[in-house]
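Bear in mind the structure is a predicted one, so any value in this text is a computation, not a measurement. In what follows, chains are A, B, ... by sequence order, proteins preceding strands, each numbered from 1.
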Number of protein chains: 2
Amino acid sequence: MIDRRRRTVRDLRRGNRSVLLWQLYLRGTLTRNDLARATGLSAATVSNVVSQLIRDGVVVEDGSVESDGGRPHVLLRVNAGHGHLVGVDVGETRVRVELFDLSMATKAKADYGLDSGGRDVEALVGLIHAGLRAVLDNSGVPAERVLGVGVGVPGVVEHTPEAVVHGQTVGWDAVPLERLLREDTTLPLFIENGAKSMGQAEMWFGAGRGASSAVIALIGSGVGASVVANGATYRGASSSAGEWGHTTIQIDGRACRCGARGCLEAYVGAEAVLDRYREHTGTAPTAADGGEEAAVAALLDTADAGPVLDRTAVYLGAGIADLINLFNPQRIILGGWAGMLLGPRLLPGVRASAARHALRHPFGQTSIELCQLGPEAVALGAATLPMERFLSQGGTAVPAAP
Amino acid sequence: MIDRRRRTVRDLRRGNRSVLLWQLYLRGTLTRNDLARATGLSAATVSNVVSQLIRDGVVVEDGSVESDGGRPHVLLRVNAGHGHLVGVDVGETRVRVELFDLSMATKAKADYGLDSGGRDVEALVGLIHAGLRAVLDNSGVPAERVLGVGVGVPGVVEHTPEAVVHGQTVGWDAVPLERLLREDTTLPLFIENGAKSMGQAEMWFGAGRGASSAVIALIGSGVGASVVANGATYRGASSSAGEWGHTTIQIDGRACRCGARGCLEAYVGAEAVLDRYREHTGTAPTAADGGEEAAVAALLDTADAGPVLDRTAVYLGAGIADLINLFNPQRIILGGWAGMLLGPRLLPGVRASAARHALRHPFGQTSIELCQLGPEAVALGAATLPMERFLSQGGTAVPAAP
DNA sequence: GGACTTAATTTGAGTCGCGATTTAACCTGG
DNA sequence: CCAGGTTAAATCGCGACTCAAATTAAGTCC
């Protein structure tokens, strides 16, 4: 039912500022003429809008290129120093706070352990605030120049309209995280599921670049997915879309920690793979005391793990085939820490299994690849949220001018 | 990445015409003041735009309502006679052509059998043209006043940019249907998968009214789905999204006609249910010679069909749970001819099974209901495609004025 | 019949994007 | 060194747009 918003004459200018900014941001440096050609706007309007953007400090001229006989082109780019962004990665064991400039270069970091396993929300909120202060102090960036703070959290984020987080794995039930954070900061907050923000990082800077639709399949201890459709993260009615781990792959199959049976997560998550190896061989995998990650790494070198891993590829391929059939994406991107560890070993088997289980036509339109960014991209992805807003608003919501 | 289109000053007026038209179309009759409140536009602008719409014949005044002491409100509505729409339903056995006015009231119908099972594309194209001529002649509507022709077809429709149809069930491999139809008509064509156009009919006029996201699950001989997200049909990268029937519900399970094993369609489509009944009892269901539809109807009255039907509800519920987990829709709507036949019997079991297999949170946000329109809604849904375009363009693309 | 209410239109001002024109900044060739 | 050529960018005038305020229209009520 398309766009239901009214248009005022101001929206015109804001929209065109946004169109030009997105172009400059995604394609690097361009001339005014390039912008006119790329957007379809007249050269007059581009010139006019760009001069306004330069006056606002959002865009800067960046050298020139001589042409063959005429006035040289002036190159334009987004002013990386015009503002800053904060990305926060709330994990189950750590909180990471990272400060970026507009080119997404890291300017400062702070990193804290969480001993309560993330259950203690007040302590977590305190650490986020401490991290915020730390990155601002260390970099000397004044708070007024921060365009926003993106926070990636484990769990479903509902916007009602304030962000409320439901996180089973950390025992959160409707934690009003936005309100809690708001008590100690006035910066714009963007709270989002960590898997979705990682997916966005992968789309902007990783294996998803250039695609407008993709599904990022994340395999860690459990299994999740981030769906990108028409260039934007797909959230569904209450932001819990993409719960791929609990789709049924085997009716009445293995018990899953969600209480149901036969979930994909009960077969292909790190925990499930280790369990299945134990059942298969009767022994625990080596290095099991080094944690799940070490155990999975050890599994790859274990001689008798072959059948378990091959079978995992079959399950995973079937799960991916479901994604292909239902979402018809341009790409499937395999990520998550276990996905990165197991990926190279499993990928051929996964591709074969997906080809068997998916319909020919959508399978032919997609490719199955490994991710390019690691799990530490959550903070980066979280920082893209205020950036997305900034660009879409045409670089208004500008912090206090210098 | 949001809207990448430039804005010109003309888009403003067209956009606001569109906003007002959508309001009038969806909510029936409104006054100018209602429109101003609903859209946020100023009363001045609404008055201005509406007078233009009235001058163009798109909108008409429709009586007035006295207010308590002031000037009476004038009611406005879309002029149902301003133009007409054609919906074509291409099935495997029939072609139906239907003419509607803008209020979607049927003005004429034509209906032809297809003996080739739809394989003979040239014959089909001839019948569509014959139907077009017939409905126009019978109703006396001149072709210039038809805003467009929507065609719902069995198979995947790829827009490259001309619509090309891939239909396994009718043996079509890349049939350039748009080009073929274009040879004999200049009317705007909108070719779409029949399941998706039925889904759109259900969203506009059936069980989906008022929802902005839903999945319409269609059970016929096979199984399919139409996904609606953010108020628009979700198509994916190459328009084949929503192939729910071939998601895997049981690894290495029953063989499916697609060649894979364990597809949902191998358990819950009409064909599969009848097969499973035969295997269960060793006998064919009564009235099997009356076709699948009669056989399914007979099955419902058969004493020993209980276990097969109960088990079907379990499978169907698990498949629906996958949709809930992945798409997080506001509603699940159960349709298709077999879905309508079996629905009342299966629904309690389906709901219970979906509750067991879906995550608590997204399951709590959705409801599972029966559809309100029958399979004959394909033509209606196809006719909504030109209507959607007409409204989104603000009632421009107007046929020659009377 | 005059005061009051509410709906709708008109008016005047401020913005916007575009096409045409002008200015700016460079090259080349004699 | 300088006229002529070439391309990029800025400027100008025009038509179109929305909005707030003022005005007109069409009723009710005492």
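Closest to the S42(B) side chain, of the nucleotides dC19(D), dT9(C), dA8(C), is dC19(D). Distance from the side chain of L12(A) is smallest to dG17(C) among dA8(D), dG17(C), dA10(D). Side-chain proximity of V9(A) to the nucleotides dC19(D), dT15(C), dC18(C) is greatest for dT15(C). In the set dG17(C), dC26(C), dA9(D), dC26(C) carries the atom at the smallest distance from any side-chain atom of P72(A).
Using bins of under 30°, 30° to 60° and over 60° for the plane-to-plane angle, the ring pair Y234(B)/F327(B) lands in the perpendicular bin. The aromatic rings of W204(B) and W22(B) lie perpendicular to each other, with more than 60° between the two planes, well past the 30° mark.
Atom-to-atom, CZ of R17(A) to C1' of dT15(C) comes out at 14 Å; the value is rounded to the nearest Å. Distance, R13(B) CZ to dC17(D) P: 5 Å, rounded to whole Å. To the nearest angstrom, C1' of dA9(D) lies 13 Å from CZ of R37(A). One atom, CZ of R10(B), and another, P of dC17(D), lie 7 Å apart when rounded to the nearest Å. Taking atom CG on L75(A) and atom P on dT7(D), their separation rounds to 18 Å, with Å as the unit. Across the protein-nucleic acid pair, L41(A) atom CG and dC18(C) atom C1' stand 10 Å apart, rounded to whole Å. Residue L53(A) contributes atom CG, which lies 12 Å from atom P of dA10(D) at whole-angstrom precision. Across the protein-nucleic acid pair, D11(B) atom CG and dC18(C) atom C1' stand 13 Å apart, rounded to whole Å.
At distances below 3.5 Å, at least one donor-acceptor pair connects side-chain atoms of H159(A) with backbone N or O atoms of I191(A). Put simply, the side chain of T185(B) never gets that close to the backbone of R182(B): no donor and acceptor are under 3.5 Å apart. With hydrogens and angles ignored, the 3.5 Å screen pairs a side-chain donor or acceptor of E202(A) with a backbone N or O of A207(A).
Residues A43(B) and N48(A) both approach DNA chain D. Their nearest nucleotides, taken by heavy-atom distance, put N48(A) toward the 5′ side.
Residue contacts shown for V50(B) are absent, as no nucleic acid heavy atom lies under 4.0 Å away. Nucleic acid contact for V46(B): none, since no nucleic acid atom lies under 4.0 Å from a heavy atom of the residue.
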Detail all sub-3.5 Å separations between protein N/O atoms and N/O atoms belonging to nucleotides 22-24 of chain C.
| unit_1 | atom_1 | unit_2 | atom_2 | d |
| --- | --- | --- | --- | --- |
| dA24(C) | N3 | R71(A) | NH1 | 3.4 |

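Taken from CG in L99(A) to CG in L85(A), the straight-line distance is 8.0 Å, to the nearest 0.5 Å. Rounded to the nearest 0.5 Å, atoms NE2 (H82(B)) and CG (L53(B)) are 9.5 Å apart.
Taking 4.0 angstrom as the limit, N16(B) places a side-chain polar atom (N or O) nearer than this to OP1 or OP2 of dT18(D). Taking 4.0 angstrom as the limit, T8(B) places none of its side-chain polar atoms (N or O) nearer than this to OP1 or OP2 of dG17(C).
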